[in-house]
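One structure is given here, and the rest of the page talks about it.
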Amino acid sequence: CDFEKSISNASIKIFHNITIKYSITNFPFINSEYIFDIYNYIKIICQIYNYFNFLNFLEYFNKTYLYKYNIQYWNYYNDVNHITNNASESFNNYLKKLFYKKPSFYELIYHLKREESLSYNNYKRKIQGVWKKKRIITKTDEINDFIKKYKKKRNSI
């Protein structure tokens with residue numbers, strides 16, 4: 001979702017167990033425990049140096065993202081499953097990686113059919129209780145590994 005509160009509320013009413021994630025830049029990958037501290041630090045610096053325009057933005061950010069929306073809905077610090085703000089963009093990114101060059105029409109159809117059958121087979125196995133997800137190293141895995149290494153170094157200090 002792109003921070004449309006009415007769409008989010010409607011989705012929650014229709015799909016009761018839905019998990020909605022929002023997307024904004026930079027802050028989603030900061031430990032949520034530090035976000036208010038960082039916000040306050042930036043605000044103090046802006047006040048010291050009279051950055052009034054940025055203070056206006058900070059107030060907007062504070063009202064919109066820190067209080068209007070629960071931080072867990074847009075912060076991905078410990079839950080990096082999709083880097084983009086929706087699954088269709090993630091799939092588009094996956095397709096771009098699948099083809100190192102622009103495929104012919106028939107290659108595209110072949111791969112899309114293969115992907116569809118893999119999805120269908122995975123779905124059937126999942127509903128039958130036989131679900132083993134294939135381990136593919138993705139950018140998400142790389143980011144999660146980076147976060148684990150960061151936490152390990154931070155704890156060793």
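Residue numbers run from 1 in the order of the sequence given.
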* Asked: Tell me, which pairs form a salt bridge (Lys or Arg N to Asp or Glu O under 4.0 Å) where one or both residues lie in residues 48-63, sequence neighbours left out?
  -> Lys43-Glu59
* With sequence neighbours excluded, give me every salt bridge (Lys or Arg N to Asp or Glu O under 4.0 Å) pair touching residues 31-42. => none
* Structure fact -> Distance col, row Ile44:CD1 vs Tyr39:OH, nearest 0.5 angstrom, shows 10.5 Å
* Asked: Tell me, do Lys149 and Lys152 make a side-chain contact under 4.5 Å, heavy atoms counted?
  -> no
* Test ring-ring contact (aromatic ring centres under 6.0 Å, His included) applied to Tyr41 - qualifying residues, sequence neighbours left out -> none
* Would you say Asn53 has more than 12 foreign heavy atoms packed within less than 6.0 Å of its CG? -> no
* **Reported CD1-to-CD1 distance for the pair Ile45 and Ile42, which is rounded to 0.5 angstrom** => 9.0 Å
* Partners of Phe57 by ring-ring contact (aromatic ring centres under 6.0 Å, His included), sequence neighbours excluded? -> Phe54
* To do: Nearest 0.5 Å please: distance from the CG atom of Asn62 over to the CG atom of Asn40.
  => 8.0 Å
* Any chance you could measure Leu66, atom CG, to Phe61, atom CZ, to the nearest 0.5 Å? => 5.0 Å
Identify all side-chain donor-acceptor contacts of residues 104-113 below 3.5 Å with residues at least two apart in sequence or on another chain.
residue, atom, partner, partner atom, Å
Ser104, OG, Glu107, N, 3.2
Glu107, OE1, Ser104, N, 2.9
His111, ND1, Arg114, NH1, 3.0

* **Parallel, tilted or perpendicular, as decided by the 30° and 60° cut-offs, for the rings of Tyr67 and Phe36** => tilted
